[in-house]
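Got a structure for you, questions after.
For this chain, numbers begin at 1 and follow the sequence in order. Everything numeric here is computed off the predicted structure, so don't read it as measured data.
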Amino acid sequence: MRLLLNHIFFPLITTLFFSDMLAAQTTSPYTTNVIEPLSFSRIGISAWASGGVRTVEVGSPAAIFNNPALLKTQTLSAYTEFGKRSETDYIADTKFGGQFLLPNFGQVTTTFDNINVALGYSNLYDKFFSFGPYPVTTVDQPNGTGEFFTGKTSVVVHTITASVSYFFDDNLSVGLTSGVNIVSARDELWKSSAEGSGTGMILIAGFYFNPTESFHVGSSVQLLNDISYTTKMSGRDLLRIVDPETVATRNNSIINARTVNGFPFIAKFPLTAQAGFKWDINEIVSVMAEVDYAEWSSISSNYDNVINNHFGIAVEPIQFLKIRGGYFSQLDPAKPTTTISINQTFWTVGVEWIAFPGITIIGGTTQSLSSETKTRYISAPKEPFRQDLYLLGLLYNL
């Protein structure tokens with residue numbers, strides 16, 4: 001049950017309905033982790049349009065997050081991108097996604113000879129579940145009171161960063177991004193809510209090498225420390241009536257009211273690393289591939305480490321237009337003995353259009369190609385889990 005609640009409204013349901021049980025948990029070494037594999041944002045439209053290959057294209061608009069060694073600009077430039085996730089059926093009559101990512105990412109970059117610097121914002125993580133509306137019933141009104149209740153839970157991690165890259169020459173560069181993660185969690189159930197926030201650090205290191213004119217390799221590593229926070233609750237349903245009578249004392253006519261103040265949670269992130277290559281077949285066509293490693297076992301014994309594969313292609317038929325496509329896998333690290341795991345594959349497509357001098361419009365999408373949901377305690381959704389994403393960005397070179 002603990003694992004099930006961890007995936008669906010764990011913070012909300014437990015804080016609002018199982019307060020007495022969790023009061024003892026506040027002194028327990030176990031604290032609920034609110035981070036799970038499904039809700040990490042896909043930052044960098046061009047990279048994800050090419051199958052999620054993120055480490056090998058110099059000048060990539062989202063380089064500071066995916067591989068800071070690729071950070072390169074000729075002038076002062078600004079870039080921002082926005083997204084929309086499709087809503088899909090999850091389990092236990094809940095819905096997943098459906099939110100706008102406003103913005104998904106943004107950065108400002110400038111250059112000083114071989115050194116490039118940038119400031120950026122990333123929507124690193126964005127989880128959203130919802131259910132309802134359901135009718136409110138009582139013993140006296142089993143058909144409903146005329147009121148309806150809904151539930152929502154969201155966890156968003158905002159990341160603010162500063163980045164630098166150094167190009168030894170056109171063939172070799174290194175880069176570093178450091179910054180602050182701000183987790184913001186909110187749960188709502190009918191007329192009560194719970195909120196919490198906390199901060200932590202992020203560090204991303206990258207490497208790029210161009211051994212031949214047509215072949216490029218790159219890699220990056222991301223480290224994020226844990227973020228602990230406590231929920232603070234509000235609403236009319238926070239008083240819990242406690243009648244301490246026992247068999248020995250019988251009815252002592254004492255009834256106490258207890259107010260729930262808050263409970264601890266933690267955001268724990270896996271270490272991740274990527275390594276890839278790009279081969280320019282000719283001046284028009286490039287193919288690329290990447291492996292993506294995530295060390296989930298360090299977070300929980302219920303997880304295995306995973307390696308996902310990414311494949312992409314970029315075609316530039318004319319100078320001001322580039323078309324991209326690709327494929328990637330997203331394996332769930334949850335072990336078969338846990339409550340739920342969802343393995344997915346995606347196809348991707350995107351376009352870059354230099355609409356005016358200095359202005360590039362970038363669009364892309366990742367679409368669910370296949371999805372396999374495994375559950376241990378409850379039935380899988382009636383419809384296949386589909387986690388589609390639509391992204392639009394604007395790059396401006398001054």
If a pair satisfies salt bridge (charged side-chain N to carboxylate O under 4.0 Å, His left out) and one of its residues is in residues 197-209, list it, with sequence neighbours excluded.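 Residue pairs with at least one partner in residues 197-209: there are none.
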Looking at F328, is R42 sitting on its ring face, NZ or CZ under 6.0 Å from the six-membered ring centre and within 45 degrees of the normal?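 No - R42 does not lie over the ring of F328 by the 6.0 Å and 45° rule.
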Taking transitive links into account, so neighbours of neighbours count too, which hydrophobic residues share a cluster with F148 at under 4.5 Å side-chain distance?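 Direct or chained contacts put F148 with none.
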Please find the pair of heavy atoms, one from L70 and one from V56, that lie closest to each other, and give the distance.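 Looking at all heavy atoms of both residues, the shortest contact is CD1-N, 3.6 Å.
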Report the C-alpha distance between E81 and I43 in whole Å, list the side-chain angles of each, state the deciding distance to 0.1 Å, and finish with yes or no for side chain to side chain contact (heavy atoms under 4.5 Å, CB included). CA-CA 9 Å; E81 62 185 37; I43 295 170; 4.2 Å; yes
Could you check whether any side-chain N or O of S86 sits under 3.5 Å from a backbone N or O of D388, counting only pairs where one atom can act as donor and the other as acceptor?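 Yes; judged by distance alone, with no hydrogens or angles, the pair exists.
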Is there a donor-acceptor contact under 3.5 Å from the side chain of T231 to the main chain of F263?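 Such a contact is found between T231 side chain and F263 backbone.
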State whether R186 and E195 are salt-bridged, where the test is any N-O pair (Lys NZ or Arg NE/NH1/NH2 against Asp/Glu carboxylate O) under 4.0 Å.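 Answer for the salt bridge query: yes.
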So, does T80 use its side chain to make a donor-acceptor pair with the main chain of F105 at under 3.5 Å?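 Side chain of T80 to backbone of F105: a pair is present.
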Using modelled atom types and a 3.5 Å cut-off, is there a donor and acceptor pairing between side-chain atoms of S41 and backbone atoms of N123?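 Here the side-chain-to-backbone pair exists.
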With the threshold set at 4.0 Å, does a side-chain nitrogen-carboxylate oxygen contact exist between D187 and K152?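 A salt bridge is absent here (no side-chain N lies under 4.0 Å from a carboxylate O).
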Who are the side-chain hydrogen bond (donor to acceptor under 3.5 Å, both in side chains) partners of Q141, not counting sequence neighbours?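 Here no residue qualifies.
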Go through the side-chain N and O atoms of S220 and Q274 and say whether any donor and acceptor fall under 3.5 Å apart.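 Per modelled atom types, S220 and Q274 side chains form a pair under 3.5 Å.
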